[in-house]
Asks: 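I am attaching a structure below and will ask some questions about it afterwards.
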Number of protein chains: 2
Amino acid sequence: MSTIRGARERARIEVTAAIKDEARKQLAAEGAARLSLRAVARELGMVSSALYRYFPSRDDLLTALIVDAYDAVGEVAEGARATAEQARPHPAPHVERWVAVAGAVRGWALAHPHEYALIYGSPVPGYSAPMDTVGPASRVGLVFIDLVRDAFRADGLAVPRLAPELRPEAERITADLAPDLPPPAVLALVAAWAQLFGLISFELFGQFNRLVEAREPLFRLAAGELARSVGLRGTPAG
Amino acid sequence: MSTIRGARERARIEVTAAIKDEARKQLAAEGAARLSLRAVARELGMVSSALYRYFPSRDDLLTALIVDAYDAVGEVAEGARATAEQARPHPAPHVERWVAVAGAVRGWALAHPHEYALIYGSPVPGYSAPMDTVGPASRVGLVFIDLVRDAFRADGLAVPRLAPELRPEAERITADLAPDLPPPAVLALVAAWAQLFGLISFELFGQFNRLVEAREPLFRLAAGELARSVGLRGTPAG
DNA sequence: CAAAAGCAAGAGCACTGCTCTCGTTATTGT
DNA sequence: ACAATAACGAGAGCAGTGCTCTTGCTTTTG
C-alpha cells in the first residue's frame, strides 16, 4: 500500500516535497505570478528540465500548492472548532464557536496572504479548477456545516424565513450537503460562507486600507451576525 | 485646458486609447496574467519598444486598466441607482434600490469577469495599489453611501446596535465617509459592502460550482438582508 | 530657422515555460 | 544473474516575455 519499495520511490517523494517547499517559499515571498519553475530548480541545485519529471507543468505545481493550501486552512478551521468545542468551564455558545472558526480562518489568511490569494483570489492558471482541488476545498465549508449541525441538535435553529422561489434550490443544496438540516438554514449558511470570505478578502486585498483600522473587531461583529443569520444562538451582545 | 494643441498631442491620445483598448481585449480574452505588452504592440502594428513611450511599464498599463475598470463598474452602479430612484409609478423602497445597485454590480462582474478579477481579486502587480486608483475605487462605495443617506432622510434608519468597543472606530469611519449618518449604520455599511463582494467573488471565482444553481435569487436574498443589516427598510418579504 | 523634445524602429539582455536528446542509474522480468 | 525497461539528471535549444539603449526621423518650440 503505502510502503516505500525502493530508494527510487523514496527519493521521488523527498524531491517532490522539496520542490513544493521551495515553491511555497517563493510563493510566500513573491506571489503566485512571480513563482518561477527555473528559480525553484536553481535553488534546489537541479536543472529546470529535471523538475518536469515531478510536475508536468507550472500549472500542475500551482495546483499542488493550491491543494496544500486548502488542506492547511481546512486543518486550521477544524482545529479551531475542536478547541472551541472543548472550552472550559462552560462550552462556548454556538455563535461564538462560529466566530472562533471564522477568526481562525482569517488568522491563517493574514499569516499566509499569498496562499490565501491563491485559493480565494482570482483563479491564476488556465481558469479551470482541477478535480483534485474540490475535496480539500470543501474542508472549511464542512467545518461550518458540522458546527451548524451541532447547534441544531443542541439548541435548535432559529430557522430564517425563505422566499418560496428559493425553496427548491435550498432543498437541492440541502440534499447535497446536509440532508438532516433545515433547507433555509443551509441556504443561509452558503450565503454566509461567501460573505465571510468577502470580509477576509477585502481586508487582505487592501480594500480596507485607509478606511478600517479595527479590523478584527469588525470582522468578529460581522461574523457573529452571519452566524445569527444562519440561525445559531449565542450571547445576545456579540 | 483640455484643448488639443497639435497633431502630436492628438496622436498621443489616440494611440494611448488604442493601446488600452487592445490591452482590454486581451485582458478579457486571456486574463491579466497572460496580458503581454509585446502582443498588444504586435496587434497594433508597432514594435514593443514604442509602447514604452505611452506606458513606462507593464504594471502601469495594468494600473490604467484598473482605473478604467473601477470607473466602469462605478458608472454602472451610479446608473442603477438613478434608475431605481426614478422607478414608476411608485419610487422603489430603499432595500430594493440597494438590491438593484448590488445586482447591477454583479451583472457587470459577470459580463467582465477578468476586469472584475483585476480590481476585486488578488492584487496582481507589485502588491501596492497606486494612488491613482483610490478615487475611482471608491465610486461604488459612494453610491451605497448616497443610497443609505437617501433612506436615512426619507424613512430614517433602523440603526443596528453596536458593541461599545467598536464605537470609536465607527465614529472615525463615519467622520471620514458620511458625517451626517449614524455611526453604527456606517460601520454596518462597510461590513455589508465587503460581504456583497464576497458573494460576487465566490460566484465568479468558481466557489459555487456544482453547489449553487439559482445564483441570482440567492444573491438578491443575501443582498436584501445586508441592506436590512444597515438599517434600510423595504418590503417585508424581500 | 536652429535647437530641443517626442517618436518609431531595431538590436540586444536576461529571463521565462517547455521540449528533446543523451548518457546513467535503478528497477523489473526471465 | 543478467538483460530489457523505465526513470532520471543534465544540457542544448526554441519561442516567448519585460525592458533598455541607440539610431535616425519628425514635430514642436524658442
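Just so it is clear, the values below take in all heavy atoms, side chains as well, and ignore hydrogens, waters and symmetry mates. Each chain gets a letter, A, B and so on, in the order its sequence line appears, and its residues count up from 1.
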Asks: For B:Glu75, what residues pass the salt bridge (charged side-chain N to carboxylate O under 4.0 Å, His left out) criterion, not counting sequence neighbours?
Replies: none
Asks: Give the rounded distance in Å between these two atoms: CG of A:Asp60 and C1' of C:dC18.
Replies: 13 Å
Asks: Who passes salt bridge (charged side-chain N to carboxylate O under 4.0 Å, His left out) against B:Glu169, sequence neighbours left out?
Replies: B:Arg172
Asks: For B:Arg10 and D:dT27, give me the distance from atom CZ to atom P, rounded to whole Å.
Replies: 14 Å
Asks: Which residues pass the side chain to side chain donor-acceptor pair (under 3.5 Å) test with A:Arg139, not counting sequence neighbours?
Replies: A:Asp71, A:Glu78
Asks: Among residues two or more places apart or on two chains, list those pairs meeting salt bridge (Lys or Arg N to Asp or Glu O under 4.0 Å) that have a residue in residues 185-196 of chain B.
Replies: none
Asks: Using a 4.0 Å heavy-atom cut-off, write out nucleotides 10-25 of chain D from 5' to 3' as B (base contacted by protein), S (sugar-phosphate only) or - (no contact).
Replies: BB-B---BBBBB----
Asks: Taking CZ from A:Arg34 and P from C:dG17, how many angstroms apart are they, rounded to a whole number?
Replies: 13 Å
Asks: Think A:Tyr54 has a side-chain N or O under 4.0 angstrom from the OP1 or OP2 of D:dA7?
Replies: no
Asks: A:Thr63 and A:Asp60: side-chain donor and acceptor closer than 3.5 Å?
Replies: no
Asks: Can you check the B:Arg12 CZ to D:dT28 P distance for me, whole Å?
Replies: 13 Å
Asks: Between C:dT25 atom C1' and A:Glu9 atom CD, what is the distance in whole Å?
Replies: 16 Å
Asks: Quick one: list whatever passes side chain to side chain donor-acceptor pair (under 3.5 Å) with B:Glu30, sequence neighbours left out.
Replies: none
Asks: Rounding to an integer number of Å, can you tell me how far B:Leu51 CG sits from C:dG10 P?
Replies: 15 Å
